[in-house]
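Following: one structure in structure tokens, then a few remarks.
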Amino acid sequence: MANIAKPSRKEEIQPPVVHVGVIGWIRSNLFNSWFNSVLTVVSIFFLLKTVPPFIRWAFIDSVWNTTGQACRHATGACWSIIPHNYRFIIFGFFPYNLQWRPLLAMIMLFVLLFFSQNRKHWNKSLAYSWIAGLVIMGLLLKGGLFGLKSVDSTQWGGLLLTLLLSVFGLTAAYPLGVVLALGRQSKMPAVKTLCIVYIEMIRGVPLISLLFMASIIFPLFLPEGVTINKILRAQIAIIMFTAAYIAEVVRGGLQAMARGQYEAAESLGLNYYLTMRRIILPQALKIVIPPTVSILISAFKDTSLVVIIALYDLLKTTQTVLSNPEWMGFSREAYLFVAIIYFLGCFSMSNYSRKLEKELSRGN
Amino acid sequence: MNDTASEKVPFWLDPKKRAIFFQFITLCMVGLLAYYLISNTLHNLKKQNIATGLGFLHKASSFEIGESLIRYSAASTYGRALIVGALNTLYVSFIGIIITIILGTFIGVARLSTNWLLSKLAAIFIEVFQDIPVLLQLFFWYSLFYTTLPTPRHALHPLPGLLLCNRGVTFTVPKADPAHGYMAIAFLAGCVIVYLIRRWAKKRQEQTGQLFPIFRVSAVILLGLPLATWWLAGAPTALSAPKLVGFNFTGGMTFSPEFISLLLGLVLYTAAFVAEVVRAGIQSVSKGQTEAAMALGLRPGMVLNLVILPQALRVIIPPLTSQMLNLTKNSTLAVAIGYPDFVSVANTTINQTGQAIEGVALIMVLYLIFSLLTSVIMNWYNKKAALVER
Amino acid sequence: MDKESSAISEQSLPDELIIEIIDMHKWFGDFHVLQGINLTVHKQERIVICGPSGSGKSTLIRCINRLEEHQRGRIVVNGIELTSNIKNIEKIRMEVGMVFQHFNLFPHLSILENLTLGPIWVRKTPKKEAEENAMYYLEKVHIAEQAQKYPGQLSGGQQQRVAIARSLCMNPKVMLFDEPTSALDPEMIKEVLDVMIDLAKEGMTMIVVTHEMGFAKSVAHRVLFMDFGQIVEGNTPEEFFENPQHDRTKLFLSQIL
């Protein structure tokens, strides 16, 4: 038959210049149709209009370490507000010369988090390290033992308080959420109803109503003379709130479990507790790690709401600095600084979550 | 003969009886806890001389509210004040939802664009606005008003008809004229006409196969009819432009700094999440669908309308409604910057009457109603739109 | 079956050319995926393309209906030159039908709606006529009773038969098949191949990328072997399987037969 192609000669034929290299990339990514070309031009115009003025304000004309008065004469950003106030912004009212303690606690926290990233490290000793770590962190903050001077909880503030509320919040909310999810799946109508009512009510209301409840109504629940400090009350509200969302996420994991797993456990003679603890939960909880990290990120952001009930978290200490006449009016710089802190925290967590999701979907 | 089915099992080994016993204990514990908390509360309330019940709703509020959609004064009741708050919540949520859906869809689609620059800019927007707490964003925008923007005398004038100053954002709007009423009627009539034309065009296509330029014709009618009515009504062009009188503006339409900051913060934050939802929805439609449609010869516009959108919307709408509910719940942060939404007004009410339980309960009930309504609509939509499978 | 099918292959082909590919090259970035392809396809001719994965077979047929874009060389389909000109692309797509490995039926439309979508919106056929046309082809692929069901309710073999009917509804001049049975369970492969053999008997021009050598032997006019982006050799099925010329072909055949 005629049309057999001879194998072409060994020499390399290069693709047309217009399709490779820098020119090729520009052509296929920025100008591959007239519509895209218009969009590229408009975007570049928009960037030219906004980025250089911002860089000029933030970096070129800015001052970095002067007094408040000197700042007012500068045309650029007054970043001096940070070096002068960062210790208050980060540690709140914690006694100045004892601030090595919360600093040490935060470093411990970051080290634990960093170490926990790698899934190969997930085992019993990591869990024990976390428990020990949390106890030590609590000790460093509160003091009163081992020669550490006691620091009242009303003096905890700033980034310290934000991290405290998020970390302890999630740690306590997680087991509560798992119990609620199991309760919701239960066949016992009383238990199931109680759990459904709790979960749907808490998920339906804004966090702020729970914080109001913590701040104003919890004291009414207690008998005369008994008080719980405000931070603990807010912590309880955050735990209750987060637990409901975790319950829903875990429920999704439980429902994704194949029926066969329950049946296999049953036929082995395992009781409810053993079935859940050894067979179902390990698998279900692993499936829902990405959405759980997502809840952690939300919890971290939501702690900022305690500003509204006058707790001195990272946002409120910043606002307090701004109410100082020397630094009044530099809210842009202060808020940008705080935004960067939140952004770094949330971004690294969401990045980690994406990475984890890829790993898990690839099947370990 | 031993019949195992009727053998008597002691009640502590019978699973059914154990379950009942367990539930009984649980209910008792919950009941005891509730009793303890309630009795403490009643005792404390009596001690602090705080009233109970909703009687306060009929008392005069004696506080002013900065912005209201209905008539209200300090002599109005607390009940009316709360209604003003609820209307403000609905107002800012409604406008916020519309703008968020438009902005979020645009950014979500841009994220998938083959244009590298646009895609990266969209990605940066999404990442930045998702990772900063919404309250911080609110404070930031609000602070711009009183630190950066000038006084009304020196208001910024970035676009014709738009004025920015530390009292708010003011637009030049057309002066109220009967012609506007006629234009609204013309628009509604246009909607009806467009609906009828669509039905006719669809029938025609079924019978003869010919395509009718429905989109273009609808656009012309919906824009043209009101325009024609305007011209026929004497083409009123009078504008109500803001004029500086004393220290402030009269005329035009002004949005307060509180409203604008709240709207801006809510919209930018939620749009970042909506963009991700839209992106995930579009990506959920496998590439093979587009290829099969194109292989049949369908044009890109038809591929989008007939194949991609129906499938993408099924994936987009449930999480989208969830985000809309989040926006409404986040609007409660208005209390932090002084916009008089429901929580704000309820907070003031609590401060004045001391009736914290009723106040917080009212807040929870209102938002529970929003959540339940959304759930019901969502379930109905999911049932209706579910893909038929084995 | 064999006598009949060899009779099919031996009929002399009309001179009319449906597809001409002249010195076609394609790169994915720097990767030279198609290297100097030359191919002509006569009307009513049936060609099977085989080769190891990554050899460019799927890319080759996807270039024919512009699902992939070639950078050098010419492709002419039914006398229409395939360029970036949208009008040409649309005309070509109306004449070329494609069946995918993963069926790609539209899950939100019923089987009948899947089939009438193309005729109604591209050929501007009235609905009634389109539905009659659709039922005719559903009968042909023996699946008419499922017309009102949805793709999610059908088995793989049934879905692929519907996909074939969907392409036929557009009355194409040539049908391209991209590994049509590779995603099917073994017991469903026969029902799809039977439909393809019926199509061959009626004289449809077909280019099939597949590993089903039984099908190639019974129905193809030519079998082409592709490797590393080139058509290494091509011949009648008898010659191809009995006397492969190149070492690469011999190696491939020894692995799959």
Side-chain angles (χ1 to χ4, degrees), chain A residues 25 28-33 35-36 39-40 43-44 46-47 187-191 194 200-201 203-210 212-213 216-217 219-224 297 300-305 307-308 315 319 322 328-332 334-336 338-339 342-347 350, chain B residues 19-20 22-24 26-27 30 36-38 40-41 43-45 47-48 110 113-119 121 127-128 130-137 139-140 143-144 146-148 325 328-333 335-336 343 346-347 350 356-357 359-360 363-364 367-372 375:
Chain A
W25 182 88
S28 64
N29 285 307
L30 293 175
F31 293 103
N32 58 356
S33 73
F35 183 60
N36 268 341
L39 286 175
T40 305
S43 310
I44 294 183
F46 167 75
L47 286 174
K187 292 196 193 74
M188 295 187 269
V191 172
L194 280 173
E200 292 304 320
M201 265 196 56
R203 273 163 44 97
V205 299
L207 176 56
I208 207 171
S209 58
L210 290 172
F212 277 171
M213 198 172 81
I216 322 173
I217 302 185
L220 293 174
F221 286 159
L222 300 168
E224 270 186 73
I297 298 175
F300 182 59
K301 287 186 288 181
D302 286 343
T303 54
S304 57
L305 265 72
V307 164
I308 300 180
L315 204 46
Q319 286 186 324
L322 286 173
M328 207 179 276
F330 297 117
S331 42
R332 273 176 305 181
Y335 285 140
L336 277 174
V338 174
Y342 274 112
F343 180 77
L344 287 175
C346 295
F347 182 68
S350 68
Chain B
I20 296 180
F22 184 77
Q23 292 175 78
F24 178 70
T26 311
L27 286 173
V30 171
Y36 178 69
L37 294 177
I38 294 178
N40 278 339
T41 311
H43 176 86
N44 285 329
L45 286 178
K47 218 171 149 274
Q48 294 172 32
S113 164
T114 50
N115 186 323
W116 179 89
L117 194 58
L118 203 60
S119 163
L121 283 176
E127 203 61 54
V128 165
Q130 273 190 351
D131 287 339
I132 301 179
V134 61
L135 187 56
L136 176 54
Q137 293 186 38
F139 283 145
F140 181 77
S143 74
L144 282 186
Y146 56 82
T147 58
T148 316
L325 189 59
T328 312
K329 284 196 278 186
N330 279 336
S331 73
T332 55
L333 296 178
V335 68
V343 170
N347 189 33
I350 293 176
I357 297 181
V360 173
I363 296 176
M364 290 189 175
Y367 284 93
L368 274 175
I369 293 178
F370 287 152
S371 302
L372 266 155
S375 271

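Below, chain A is the first sequence line, B the second, and so on; all start at residue 1. Hydrogens, waters and symmetry mates play no part in the numbers below; they use all other heavy atoms, side chains included.
Side-chain contact between E200(A) and L368(B) is absent, with no heavy atoms from C-beta onward closer than 4.5 Å. S113(B) has its side chain within reach of N36(A): a pair of non-hydrogen atoms, C-beta onward, lies under 4.5 Å apart.
Note on Y367(B), F370(B), F139(B): by heavy-atom pairs under 4.5 Å with chain A, the leading option is F139(B). Of all the listed residues (I369(B), N347(B), N330(B), I363(B)), the one sharing the greatest number of non-hydrogen pairs under 4.5 Å with chain A is N347(B). For the options N115(B), L333(B), T147(B), V343(B), heavy-atom pairs under 4.5 Å to chain A are most numerous at N115(B). Highest contact tally toward chain B, considering only S331(A), P223(A), G345(A), S304(A), is held by P223(A) [criterion: heavy-atom pairs under 4.5 Å].
Partner of L136(B) under the side chain to side chain contact (heavy atoms under 4.5 Å, CB included) criterion, out of V307(A), L315(A), L336(A): L315(A) alone.
Closest non-hydrogen pair, F221(A) versus N40(B), comes out as O-ND2, 2.8 Å. Heavy-atom minimum distance, N44(B) versus P219(A): ND2-O, 3.8 Å. When all heavy atoms are compared, the tightest approach of V205(A) to L210(A) is CG2-CG, 4.2 Å. Here the closest heavy-atom approach between residue Q23(B) and residue A190(A) is recorded as OE1-N, 2.7 Å. Contact record, I216(A) with L220(A): O-CG, 4.1 Å, taken as the closest heavy-atom pair.
With a 4.5 angstrom heavy-atom cutoff, T41(B) touches chain A via backbone and side-chain atoms both. For a residue to count as touching a neighbouring chain, one of its non-hydrogen atoms must lie under 4.5 Å from one of that chain's; by this rule Q130(B) touches chain A with the backbone only. With a 4.5 angstrom heavy-atom cutoff, L222(A) touches chain B only via backbone atoms. Contacts of I44(A) with chain B are made by both backbone and side-chain atoms, with heavy-atom separations under 4.5 Å. When heavy atoms are compared at a cutoff of 4.5 Å, S119(B) does not approach chain A at all. The contact between I217(A) and chain B is made entirely by side chain atoms (from C-beta outward), counting heavy-atom distances below 4.5 Å. With a threshold of 4.5 angstrom between heavy atoms, L37(B) approaches chain A through its backbone and through its side chain. Of the atoms belonging to M328(A), not a single heavy atom falls under 4.5 Å from chain B. Of the atoms belonging to S331(B), not a single heavy atom falls under 4.5 Å from chain A. At a 4.5 Å heavy-atom cutoff, the contact between L144(B) and chain A is made by side-chain atoms alone. With a 4.5 Å cut-off on non-hydrogen atoms, I132(B) touches chain A through its backbone and its side chain both. Residue contact with chain A, scored on non-hydrogen atoms closer than 4.5 Å, is absent for V134(B). Residue L322(A) does not touch chain B at all, counting heavy-atom pairs closer than 4.5 Å. Heavy atoms closer than 4.5 Å to chain B are found in both the backbone and the side chain of T40(A).
Within the model, atoms CD1 of I297(A) and CZ of F347(A) stand 10.5 Å from one another, a figure rounded to the nearest 0.5 Å. Atoms CG and CG, on L194(A) and L27(B) in that order, are 6.0 Å from each other to the nearest 0.5 Å.
Between the side chain of K329(B) and the backbone N or O of R203(A), at least one donor-acceptor pair lies under 3.5 Å.
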